[in-house]
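Report on the structure given below.
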Amino acid sequence: MTKKKKKKKLKLKLNNIFVLLSIITSLFLIYQISKLGPIEPMMRGIIALILLTIDFIFFYYKKNLKHFFALFVMLIFVTINIFAANLIGEAYGSLDSINKKSITYSTYLVALKNNEMNTIEDVTDKNIGILNDTLSIDNYMIAKELIEEHKLEDTNTIQDYEDVAIMLHDLYNNKIDAMLISSNYKEMFATTEGYENIANELKVITSKDKKMKKDQIETVNTEKSVDKPFTILLMGVDSEKDGLKKNAYANGDSLILITFNPDTYNTTMMSIPRDSYLPIACRNNQKNKLTHAGWYGTDCMMQTIENTFDIPIDYYVKINFKGVVGLVDALGGIEVDVPKRLCTDDSNRQGTICIDKGHQTLDGEHALVFARNRYDLAQGDIDRGYNQQTLIKAMINKVTTLRNINTVLDILDTVSKNLDTNLTTTEILSFYNIFKEIITSTNYQDGDALNIEQLKLVGNGKMIYYKNLKQKLWNYILKEDSIEEVSKAMKINLGLEEADMIKTFNFEP
């Protein structure tokens, strides 16, 4: 074989390799694009057609392409395909992980700090408390497994309790030596009088984790189109942990019920005081603070609110302290008007941070102060609810201005860790079309595309004695006519009720 023929054969071989790489990377990019579902279907179809056309040209003319030019062009094309596919894959992966497919539950065996027990081997001839709620995953199911694993029933007395607060009270009063409880016990009781320092007063003897699929522990809604009116329950949970994959139980520290009508862009936003005294759905409708419904899981919180306001809740979005801080920082800060000087602890509960009165740009930690502080406000949790709504509106306004893909990826990375929802990835992607319509509308250019109606609940504070905690706690008693009024406004926005038409007539003499 002559040198010229060898060179020609080598050129053809290299061209074949690059054409194959071009086809493979194009198909991979098309696959990634196809996962974007409702986003720009026509544009995605055109892009796929262009990619396949370029591949066809490379394949058809591979024998006639000049060697270096062909390799250079195909190298650029392959590089662009790989970069674009990875970019889309990263963004889709972050979106897909927002809806946590599984949750890890943790159960602790705890005792008072001054107890002589330090390891599981020390746990013998003791009285150990356990909650007899057979539906509770970490307070009962995993607790039972931990008892069996360490054969605790063989050498100890296991005492059943109907209420976790009574069990904790007995532990503090040395009626039992240890108790099995969810690892979120600090968040559950840290705001309850007498247990403010619970994190330092108890110690963990041993623990057990168990991962469970979300569809095993939550009611799974059938996929609903966000093109129709829908409701979202936004829950800020008081967990300072970085991540929301562990334990679904925690106090519902901030609760905002949102209805959105995509036909009118009308939004209602209502903060529900955490101390509202309501029938808890999963506790036989026994009245308690609404925040305590969070102890029994997301379903319990949603059902309690649904029953109270007679409004179906389609979706929930749960975010923790770290999520708020990270989201605001990823947005580059948000502008809000702070009503007065406010101070509270940071997201790690390790130091005090303050913000001054006035219009300003807040970073993540300072935005968290604005969202969490209630003790310095005249109406406490009521005013805090309005601050949280202001924060949400400021975030929405900032999101609609985003144009940098790196900022979007940073936001997705942050929320994928510290946010959980029952929205499917397809439903999340569907919000693209809503935002697109909003930012291209005439009203948006005038700054008035989203009509946000802030609904207000009215009630009175009252001290109520809790038998399980052996003490009186402050509660917020919602007025029935206030509940009916906000319920009607939300139903009208959802299209479940017709608005009352008020007509006036002027008669000229």
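Just so it is clear, the model here is predicted, and its values are computed rather than measured. When a residue number appears, it is its place in the shown sequence, counting from 1.
- Side-chain contact of Asn173 with Asp170: a donor-acceptor pair under 3.5 Å is absent, judged by distance alone.
- Applying the side chain to side chain contact (heavy atoms under 4.5 Å, CB included) rule to Asp346 yields the partners Asn348, Gln350, Ile353, Glu365; only residues at least two apart in sequence or on another chain are considered.
- For Phe230 and Phe260, the ring centers are positioned less than 6.0 Å apart.
- Residue pairs that meet the salt bridge (Lys or Arg N to Asp or Glu O under 4.0 Å) test with at least one member in residues 139-163, sequence neighbours left out, are Glu145-Lys210, Glu149-Lys208.
- Between the side chains of Ser271 and Gln389, a donor-acceptor pair is found at a separation under 3.5 Å.
- Looking at Asp413 and Ser94, their side chains never bring a donor and an acceptor atom within 3.5 Å of each other.
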Margin query: Let's go through Asp133 and Arg283 carefully: what are the C-alpha distance in whole Å and the side-chain angles of both, what is the deciding distance for salt bridge (charged side-chain N to carboxylate O under 4.0 Å, His left out) to 0.1 Å, and is it a yes or a no?
Written below: CA-CA 10 Å; Asp133 181 0; Arg283 305 300 292 174; 3.2 Å; yes

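- Contact check for Val486 versus Leu457: side-chain heavy atoms found under the 4.5 Å cut-off.
- For the residue pair Met167 and Ile176, the shortest heavy atom distance occurs at O-CD1, 3.6 Å.
- Across every non-hydrogen atom of Gly461 and Trp474, the tightest pair is CA-CZ2, 3.4 Å.
- Under the 3.5 Å distance criterion, the side-chain polar atoms of Lys417 are left unmatched by any main-chain donor or acceptor of Lys322.
- Checking side-chain atoms of Asn418 against main-chain N and O of Ile319 turns up no donor-acceptor pair under 3.5 Å.
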Item checked: side chain to side chain contact (heavy atoms under 4.5 Å, CB included) assessment of Asp314 paired with Ile232 -> CA-CA 6 Å; Asp314 300 304; Ile232 295 180; over 6 Å; no

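- The shortest side-chain heavy-atom distance between Leu180 and Ile128 falls under the 4.5 Å cut-off.
- Distance alone, capped at 3.5 Å, is enough to place a donor-acceptor pair between the Gln471 side chain and the Glu193 backbone.
- Heavy atoms only, all atoms of each residue included: Tyr195 and His169 are closest at OH-CA, 3.5 Å.
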Item checked: side chain to side chain contact (heavy atoms under 4.5 Å, CB included) between Val336 and Leu362, worked out -> CA-CA 7 Å; Val336 297; Leu362 301 178; 3.3 Å; yes

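- Pairing each heavy atom of Lys287 with each of Pro279, the nearest pair is CG-N, 3.9 Å.
- Side-chain contact annotation: Tyr466 with Asn475, donor-acceptor N/O pair under 3.5 Å present.
- Side chain to side chain, Lys203 and Asn118 meet the donor-acceptor criterion of an N or O pair below 3.5 Å.
- With hydrogens and angles ignored, the 3.5 Å screen pairs a side-chain donor or acceptor of Asn156 with a backbone N or O of Leu152.
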Margin query: Is there a side-chain hydrogen bond (donor to acceptor under 3.5 Å, both in side chains) between Tyr161 and Gln159? Walk through the geometry before answering.
Written below: CA-CA 7 Å; Tyr161 282 86; Gln159 186 170 333; 3.1 Å; yes

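- Looking only at atom types and distance, the side chain of Tyr386 has no donor-acceptor partner in the side chain of Gln379 under 3.5 Å away.
- By the 4.5 Å heavy-atom criterion applied to side chains, Leu146 and Thr206 are counted as neighbours.
- Met269 has its side chain within reach of Ile256: a pair of non-hydrogen atoms, C-beta onward, lies under 4.5 Å apart.
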Next item on the list: Go through the steps for Lys318 and Thr298 under the test side-chain hydrogen bond (donor to acceptor under 3.5 Å, both in side chains), then give the verdict.
Entry: CA-CA 9 Å; Lys318 188 188 301 183; Thr298 304; 2.9 Å; yes

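- Of all non-hydrogen atoms in Ser416 and Ile98, the two that sit nearest each other are CA-CG1, 3.9 Å.
- A salt bridge between Asp96 and Lys35 is absent, with no side-chain N of the basic residue lying under 4.0 Å from a carboxylate O of the acidic one.
- With 3.5 Å as the limit, one finds no donor-acceptor pair spanning the side chains of Glu427 and Ser430.
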Check: Is there a side-chain hydrogen bond (donor to acceptor under 3.5 Å, both in side chains) between Glu453 and Thr268 once you walk through the steps?
Finding: CA-CA 5 Å; Glu453 180 184 1; Thr268 68; over 6 Å; no

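- Using a 4.0 Å cut-off between charged nitrogen and carboxylate oxygen, Lys462 and Asp275 do not count as a salt-bridge pair.
- A salt bridge does not link Lys479 to Glu484: none of the charged side-chain nitrogens sits closer than 4.0 Å to a carboxylate oxygen.
- Between the CG atom of Asn460 and the CG atom of Leu478 there is a distance of 10.0 Å, given to the nearest 0.5 Å.
- For the residue pair Asp209/Ser106, the side-chain donor-acceptor check at 3.5 Å is satisfied.
- Lys470 NZ: more than 12 foreign heavy atoms inside a 6.0 Å radius.
- Between Leu290 and Pro273, the closest heavy-atom pair is CD2-O, 4.2 Å.
- Inter-residue side-chain proximity for Tyr476 and Asp381 is flagged as unmet; no heavy-atom pair is nearer than 4.5 Å.
- Between the side chain of Ser102 and the main chain of Lys213, no donor-acceptor pair closer than 3.5 Å is present.
- In this structure, the side chain of Gln286 does not engage the main chain of Asn284 through any donor-acceptor pair within 3.5 Å.
- Looking only at distances, no side-chain donor or acceptor of Arg374 sits under 3.5 Å from a matching main-chain atom of Ile382.
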